[in-house]
Amino acid sequence: MNLLSDLNSQQQQAVSADPGAVLVLAGPGSGKTRVLTYRIGHLIVDRGLDPGSILALTFTNKAAREMRNRVSSLLKEHSIPSGDRYVTLGTFHSVAARILRREAEALPVTRDFAIFDQSDQQSLVRQIMKVFKIDTKQYHPVSIHNAISSAKNEMVSADAYQAHSYFEEVVRRVYPEYERLLRVNNALDFDDLLVMLASLLRREPLVTAHYRRNYQHILVDEFQDTNMVQYQLLRLLAGESPDLFVVGDPDQSIYRWRGADHRNVERFRKDYPDAKTYLLEQNYRSTQIILDCAMGVIDRQRGRQRKQLFTERQGGDPVVLHEAYDEADEAFFVVDTITELQDKGQVSPGDCAVMYRTNAQSRVIEEAFIRSNIPYRLVGAQRFYGRREVKDLIAYLRVIYNPKDQISLERIINTPTRGIGAKSQQAFFEIAKQGKIAPGEALVQLAQDSQSPLHAVLSPRVDTLLTDFGALLADWISMREYPVHLLMNRVIANTGYQSYIDDGTEEGIGRWENIQELLSLAEEYEGLTLQEFLEHVALISDQDTLTDSQNAPTLLTLHAAKGLEFPVVFIIGLDENILPHQRSMDDPEEMAEERRLLYVGITRAMDCLFLCRAFRRRVYGSSSYCDPSRFVRDLPQQHVQGMVPGGGMPTPVSYQQQTSWNTPAPVREIEFPPGSRVRHKTFGEGMVLESRITSGDEEVTVEFADVGLKRLIASLAGLEKLND
DNA sequence: GCATCGGATTTTTTT
DNA sequence: AATCCGATGC
């Protein structure tokens, strides 16, 4: 049986492309994952390649898992025996971690390095700022850390970092210390996993040669979300004459804030001039009406390669726009509509999804579901792994695995409280530092060596306390090889953790339930070593927490929705300052990303799409009115039902006059409508993407051929209108 | 060393 | 409104 016969002709061409640099631009729902898995299948089945020579990279564990399953069933179908060597398939971060552990000798950390998650990274920064006496109110540790992270993603080392502002001067001071302390903790942060590997490959030609030989065929999912380091990593691994198959959709690039650079698509074309490009435009997911709405939103975007999405599912239900009174009313509409659709019998609860811009928006929706007694599932790793009690237990495990991890040790050394307060801790850490020994290791030494000089320098009380705790730690360390859940149980028992968190209140019981969930999770991953378990926990993504076990509506952010599909989709909060988010208002690039975000949301819908907004909304406590999102104006009117842009439709009288989906009548006429060509004295020629009347003047956003996006005031800029 | 109180702050999105 | 941080008092 021919493997290609399952595919449409565009897909076939991509899948069977000759080895080399291949770029597949895949519209939403066009069978992107299918093409990737079939490509792997094609390489093995039709071209007889060794599965072990194939490396496939994704962004989430979930995507990796899915692809692995699909590849293995594909191979089974074509009766390819699973040999000794498998396809290497994982996220950028997990594959990098695996390689780094193998190559640890060439690194400033040992192979047991810990992976610091975001909150560890932030507490490290906070600590440094405290030591340096930098006001954490004036400079948010979070923003300092973000600056460090973006520098790392652009591969600017601490030494090379240049400050151009006072803020950056602060960053410049913190950055080297941050790096130093990571090493002291024998830890890497997320960025390090990629940066260290890239610099290792650059430094060690032999190592690079080894991995190039090993992974001769590389495939990348969601290529538009790669950042600078990831791109460099690909180039390093791929080598001179690469077989590099990348799949992506620049229209779905929504991780700019995390360093993703959709221009990597352009870079790829430039770096591999012989690259073949394939377009996948047939959509197998949505109705034509939904696609038309999606295209209406995205076609306003700057100089992109336009894809003409089409589907065999002509027509479809109109898209419903709903204007609620406030967020509670909006939530009510969602829950009510879901109930109604269910009662009609065509929709099962699990078919529905509610998407929003910010996590904060989920609460109101959750409350509405709870009040109506409808179960729901909420996507978000933070929800579980961010819980204090979960983090505590993970911190115990991390110290057991890597006693050098001081950040985790600080978290648990007095949790539950065992009389080792801040002062004692400080003294102890100082002593350990003088003795040039990691505090975690010092604890073990205290317990195991009664002659240790450390005993003498500690006050008798603190000495006893620390020695006792060290004995516990030493005991746990001896159990490192035990199944993780047994070790965890031991820690809980030894520390009296249950009585510490479960105080009998509802909250306490909830916390204990979280611990039990963590325990059963550990049991589920029975085969994993402690190292693997910790790595899994560190590199987990929000999407990974999504299980299809229960048939209930799904609540998730638009970001988390990428790559998923649902028969019925609600997108809530289509208001100015929410979507687009307030933070994106003064940067055209960010505004463009908001637009793509909505595009991603719309294209998740298979059959029905509901777009909601609220007339007034609560922001940080106080309530205020809000305007409809500008993106609503770009929906094709003939496909939209409800409060139609440009047509006054049934709006409750009480607030009809004050709001509408319409653009308010401009004081001044728009002179440069979106789409028109203009010339600017210094910027040259460009196309107007957006035009708004603000305080009597016209504010236009123009994509210039030479200089990119600019935002201008028409009367000041002296724009000249060109005829096409 | 711990609890409590008051105050400020709230950067969407996450590997 | 809620949460998180830090300072204060016991």
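Naming convention: chains lettered A, B, ... in sequence-line order (proteins, then strands); numbering from 1 in each chain. Every value quoted in this text rests on a predicted model; they were computed, and no experiment measured them.
The nearest whole Å value for the distance from the CG atom in Leu193(A) to the C1' atom in dT15(B) is 9 Å. The CG atom of Asn577(A) sits 16 Å away from the C1' atom of dT13(B) (whole-angstrom rounding). Summarising the geometry, the separation between CD on Gln230(A) and C1' on dT15(B) is reported as 8 Å, rounded to the nearest angstrom. Taking atom CZ on Arg595(A) and atom P on dT13(B), their separation rounds to 22 Å, with Å as the unit. In this structure, the CD1 atom of Ile254(A) is 9 Å from the P atom of dT14(B), given to the nearest Å. As rounded to whole Å, 21 Å separates atom P of dT15(B) from atom CE of Met196(A). Atom pair Gln582(A):CD and dT13(B):P shows a separation of 14 Å (rounding to whole Å applied). Look at CG on Leu598(A): it is 17 Å from P on dT13(B), rounded to the nearest Å.
Partners of His145(A) under the ring pair (Phe, Tyr, Trp, His ring centres under 6.0 Å) rule, at least two apart in sequence or in another chain, are Tyr178(A). Scanning for salt bridge (Lys or Arg N to Asp or Glu O under 4.0 Å) contacts around Asp463(A) gives an empty result, with sequence neighbours left out. Applying the side chain to side chain donor-acceptor pair (under 3.5 Å) criterion to Glu389(A), with sequence neighbours excluded, gives Asn514(A). Shown here are the side chain to side chain donor-acceptor pair (under 3.5 Å) partners of Tyr599(A), two or more places apart in sequence or in another chain: there are none. Shown here are the side chain to side chain donor-acceptor pair (under 3.5 Å) partners of Arg256(A), two or more places apart in sequence or in another chain: Asp587(A).
When heavy atoms are screened at a 4.0 angstrom cut-off, Gln121(A) is found touching no nucleic acid atom at all. Heavy atoms of Arg256(A) sit nowhere under 4.0 angstrom from any nucleic acid atom.
Using cut-offs of 30° and 60° on the angle between ring planes, the pair His559(A) and Trp257(A) is perpendicular. The aromatic rings of Phe59(A) and Phe92(A) sit tilted relative to each other, their planes meeting at an angle between 30° and 60°.
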Just the table, please: protein N/O against nucleotides 1-11 of chain B N/O, every pair under 3.5 Å.
residue, atom, partner, partner atom, Å
dG1(B), OP1, Gly421(A), N, 3.1
dG1(B), OP1, Ser424(A), OG, 2.6
dG1(B), OP1, Arg461(A), NH2, 3.4
dC2(B), OP2, Asn414(A), ND2, 3.1
dT10(B), OP1, His140(A), NE2, 2.7
dT11(B), OP1, Tyr620(A), OH, 2.0
dT11(B), O2, Arg583(A), NE, 3.3
dT11(B), O2, Arg583(A), NH2, 3.4
dT11(B), O4, Asn146(A), ND2, 3.2

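Comparing dT13(B), dA1(C), dT15(B) by their closest approach to the side chain of Phe190(A) singles out dT15(B). The nucleotide whose nearest atom lies closest to any side-chain atom of Thr91(A) is, among dA2(C), dT13(B), dT15(B), dT15(B). Picking from dT13(B), dC5(C), dA1(C) the nucleotide with the shortest atom distance to the side chain of Arg126(A) gives dC5(C).
Taking 4.0 angstrom as the limit, Arg363(A) places none of its side-chain polar atoms (N or O) nearer than this to OP1 or OP2 of dA1(C). Contact annotation: Asn227(A) does not reach the phosphate of dT15(B) (side-chain N/O to OP1 or OP2, under 4.0 Å). A sub-4.0 Å separation between OP1 or OP2 of dT13(B) and a side-chain N or O of Asn359(A) is present.
Stacking of Phe92(A) onto the six-membered ring of dT15(B) is not present when judged by under 5.5 angstrom between centres and under 30° between planes.
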